[in-house]
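In what follows, chains are A, B, ... by sequence order, proteins preceding strands, each numbered from 1. Excluded from the calculations below are hydrogen atoms, water molecules and symmetry mates; all remaining heavy atoms, backbone and side chain alike, are included. Since the structure is predicted, the reported quantities are computational estimates derived from the model, not experimental observations.
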4 protein chains.
Amino acid sequence: MPVRSKEDVVQEFRVQSIQDAAMRVIARRGMSAATMQEIAEEAGVAKGTIYLYFRDREELVEKTFDGAITELSGRIETALSSEAPFDQKLRAVLSAEIGFFREHREFFRLYISLRRPEGRQKRTCEPRYRARIERMAAVLRQAMERGEIRTMDPTRLALFLIEGSDAIVIERVLQEEPPPEQEDIDLIAGVILEGIRQ
Amino acid sequence: MPVRSKEDVVQEFRVQSIQDAAMRVIARRGMSAATMQEIAEEAGVAKGTIYLYFRDREELVEKTFDGAITELSGRIETALSSEAPFDQKLRAVLSAEIGFFREHREFFRLYISLRRPEGRQKRTCEPRYRARIERMAAVLRQAMERGEIRTMDPTRLALFLIEGSDAIVIERVLQEEPPPEQEDIDLIAGVILEGIRQ
Amino acid sequence: MPVRSKEDVVQEFRVQSIQDAAMRVIARRGMSAATMQEIAEEAGVAKGTIYLYFRDREELVEKTFDGAITELSGRIETALSSEAPFDQKLRAVLSAEIGFFREHREFFRLYISLRRPEGRQKRTCEPRYRARIERMAAVLRQAMERGEIRTMDPTRLALFLIEGSDAIVIERVLQEEPPPEQEDIDLIAGVILEGIRQ
Amino acid sequence: MPVRSKEDVVQEFRVQSIQDAAMRVIARRGMSAATMQEIAEEAGVAKGTIYLYFRDREELVEKTFDGAITELSGRIETALSSEAPFDQKLRAVLSAEIGFFREHREFFRLYISLRRPEGRQKRTCEPRYRARIERMAAVLRQAMERGEIRTMDPTRLALFLIEGSDAIVIERVLQEEPPPEQEDIDLIAGVILEGIRQ
DNA sequence: CATGAATGAGAATTCATTCAT
DNA sequence: AATGAATGAATTCTCATTCAT
């Protein structure tokens with residue numbers, strides 16, 4: 001039975017609400033225009049309070065990103081964990097991604113910002129991005145070995161697939177009324193699996 | 001016939017060298033860490049001089065981006081202008097893109113930064129990005145009408161195709177020794193045209 | 001007979017332990033880098049608790065200083081209270097100072113810091129310092145009147161004597177292995193009483 | 001012939017006036033309460049301007065101190081350079097010190113502040129202080145070797161002499177109408193050379 | 001009484017922009 | 001036209017002080 005004192009709960013709540021605020025502000029303003037002041041206001045706390053929970057701006061951004069991408073990774077992992085054939089896995093992953101970004105609309109901008117480091121940020125969040133690519137590459141390699149798909153450079157293919165589908169997922173975030181999720185999933189899966197040639 | 005005085009030539013030269021400098025500095029430092037001071041030094045002019053040719057930092061960045069993407073668009077347009085079948089056009093476009101980024105390695109970072117506005121930038125450079133998507137969508141639509149490829153949402157497909165292939169092109173920029181261009185072109189064209197199913 | 005309730009005792013204990021903590025922290029960090037947080041931790045109480053016993057940081061520092069210098073004054077007073085001739089009194093005072101700083105190594109830094117007010121401190125602790133000078137001046141004046149020493153400005157002489165000997169006392173605090181106390185006492189007393197001329 | 005462009009002169013003038021301002025503000029407020037804002041105002045420049053000439057606050061303070069103590073050292077060196085007997089040298093040094101602090105009344109506080117590091121300051125200015133002690137110790141050692149003064153620990157004696165006389169010099173700075181300089185010089189020299197015993 | 005999380009005024013520093021030369 | 005020193009608004013971060021629990 002986990003022992004969580006009231007303090008821990010409050011602590012966790014604060015951390016979470018500050019990270020949520022950071023996510024929204026970064027989404028609004030972009031990475032480098034997101035000021036601690038605005039994040040504090042968004043979180044409904046004073047500037048100084050943030051520094052009780054995060055060493056500095058860098059740590060806040062990093063942890064905010066990390067928290068979100070960890071959740072995304074978790075969902076993708078779940079989608080990949082079955083023993084289903086590749087095409088079903090692909091659809092499951094696409095569905096997980098669309099679902100995640102639907103629930104975390106703000107994240108997409110943070111995600112874009114942090115793929116490559118910018119300005120003040122010293123530590124890049126690229127490793128997490130890289131890991132995502134490599135995870136997909138591993139899945140593709142397995143499918144190749146099983147003869148489910150053609151043999152080609154799996155990392156290149158993973159890059160193409162992830163970025164291509166991310167673009168559509170992000171586009172959905174920006175659209176007022178995106179088409180049904182299944183439609184986009186089918187489009188991507190169809191293109192990848194069968195190509196577009198008539 | 002337009003008369004270009006010596007002043008115009010000098011003007012144009014200055015504008016170009018400042019933009020080139022901006023591109024290199026942004027590539028080095030990232031969008032928000034690129035300072036006017038460093039851009040001026042890179043261009044070999046004084047900080048104040050930049051303001052004779054550009055209203056402010058924002059305009060400089062925007063025009064720098066515009067100049068580069070105009071060239072990229074031009075190359076893509078050339079690749080698309082033939083009456084060749086779709087698969088040849090696709091390969092030509094991919095080749096144009098790879099060539100462009102090979103020659104303008106610095107641009108990729110500016111390109112990434114500006115797809116969505118960031119930080120101080122108020123005006124987005126998205127329209128140019130959007131236009132690129134729409135141009136590709138138009139090509140795809142035409143191919144669909146001609147029965148060369150299956151019918152589906154051309155904008156979605158364009159997004160997927162451009163972002164997916166951009167990711168590979170950018171990866172090439174980051175690699176010390178990227179594989180032969182033809183290899184990546186074949187991979188992308190193969191996936192898109194035929195799919196990956198065995 | 002004054003009645004000291006349990007509350008008074010607790011009160012006094014708290015005040016004393018906070019002051020002791022303040023002294024140690026100031027000694028470690030220096031006057032302006034000594035934070036209330038660190039003093040509280042050193043004292044083993046919460047930050048807020050300090051404010052139950054001291055109006056603000058200023059009062060804490062002042063009273064801390066006052067407590068210590070009161071003890072120093074007491075020892076010096078004891079050394080001066082005899083009817084011994086001046087040279088014996090001088091040696092007794094020097095011995096008292098050296099002993100005090102040996103036992104309160106931390107104090108020297110507070111002492112140095114507060115001779116003249118610094119930073120946030122508005123009220124100077126100079127009066128206590130001044131009083132010490134004047135006390136020595138009175139002793140010197142008496143010795144002059146008794147014909148034990150030459151007649152000269154007693155305050156100037158007191159300044160010279162106290163600061164000169166403080167410097168040596170403080171140097172002792174900083175040294176890993178200071179020479180025997182008697183050696184330094186003899187040096188100072190010898191110089192003052194007989195001069196250094198061969 | 002020294003080549004000093006107009007720029008160099010302006011540069012030097014700015015540096016000097018900012019250092020002078022820093023000296024005055026530190027004298028007024030104390031080391032750690034002296035803000036860059038107030039120093040800038042005192043110097044009649046904008047906050048940012050200081051950073052054109054000094055990397056950061058620390059460098060400003062350090063250089064300000066260094067400039068002043070270099071001048072003090074220079075005067076003392078001149079006073080010590082003659083081949084005069086020790087008592088004349090002693091008087092010359094005392095005279096140099098009194099003169100220096102008369103002309104740089106503000107400096108005394110900076111001097112006091114920096115003998116031992118405080119708060120933000122990382123690099124101590126103690127070496128310069130130490131050097132001054134050692135210089136005096138060397139003079140005293142020479143006088144001992146020549147048989148002009150009694151043999152004793154020269155560093156201890158230097159400490160006692162310098163701090164004792166500094167105290168009087170600083171007292172003079174604080175006094176509205178200090179006594180004639182010769183009087184204080186005679187007092188110190190008399191005490192040191194002959195002692196105070198009747 | 002004691003606590004320590006929260007506050008926010010204030011400090012250092014950066015950098016786009018201006019303007020006298 | 002070109003310069004670059006000067007500016008000061010804006011930003012991050014610190015820490016004395018308060019106050020609800």
**Report entry** Distance, rounded to the nearest Å, where C/Y51 contributes OH and F/dC15 contributes P
**Finding:** 13 Å
Report task. Rounded to the nearest angstrom, tell me the gap between atom CZ in D/R57 and atom P in E/dG10. Result -> 17 Å
Requested in this report: Evaluate the criterion side chain to side chain donor-acceptor pair (under 3.5 Å) for residue pair B/E12 and B/Q16; output intermediate values, then yes/no.
Outcome: CA-CA 6 Å; B/E12 207 166 300; B/Q16 194 54 54; over 6 Å; no
Query raised in the report: For DNA chain F, whose closest nucleotide is more 5', that of C/G48 or that of B/V45?
Result: B/V45
Query raised in the report: Rounded to whole angstroms, how far apart are CZ on B/F54 and P on F/dA1?
Result: 14 Å
Report summary line: Per atom distances to the B/L52 side chain, the nearest of F/dC15, F/dA1, E/dT3 is F/dA1
Report task. In whole angstrom, give the distance that lies between atom CD1 of D/I50 and atom P of E/dA11. Result -> 13 Å
Query raised in the report: When the nearest nucleotide of DNA chain F is assigned to C/M36 and to D/T49 on a heavy-atom basis, which residue is associated with the more 5' position?
Result: D/T49
Requested in this report: Assess whether side chain to side chain contact (heavy atoms under 4.5 Å, CB included) is satisfied between A/T64 and A/F54, documenting all intermediate values.
Outcome: CA-CA 10 Å; A/T64 300; A/F54 302 91; 5.6 Å; no
Report summary line: Here the distance between atom P of F/dC13 and atom CG of D/D56, to the nearest Å, is 16 Å
Requested in this report: Round to the nearest Å and state the distance from C/Y53 atom OH to E/dC1 atom C1'.
Outcome: 7 Å
Report task. Determine yes or no for a side-chain-to-main-chain donor-acceptor pair under 3.5 angstrom, with C/T49 supplying the side chain and C/V45 the backbone. Result -> no
Report summary line: From CD of C/Q37 across to P of E/dT7 the rounded distance in Å is 17 Å
Query raised in the report: So, C/E38 and C/R28, do they make that salt bridge, N to O below 4.0 Å?
Result: yes
Query - Value in whole Å for how far the C1' atom of F/dT14 lies from CZ of A/R55 - result: 15 Å
Report summary line: Using Watson-Crick geometry (N1-N3 plus N6-O4 or O6-N4) or G-U wobble (N1-O2, O6-N3), each under 3.5 Å, F/dA1 is paired with none
Query raised in the report: Is the shortest side-chain N/O distance from C/R14 to OP1 or OP2 of E/dA2 below 4.0 Å?
Result: yes
Report task. Look at the side chain of D/K47 and the base of F/dT7, then say whether one donor and one acceptor between them are separated by less than 3.5 Å. Result -> no
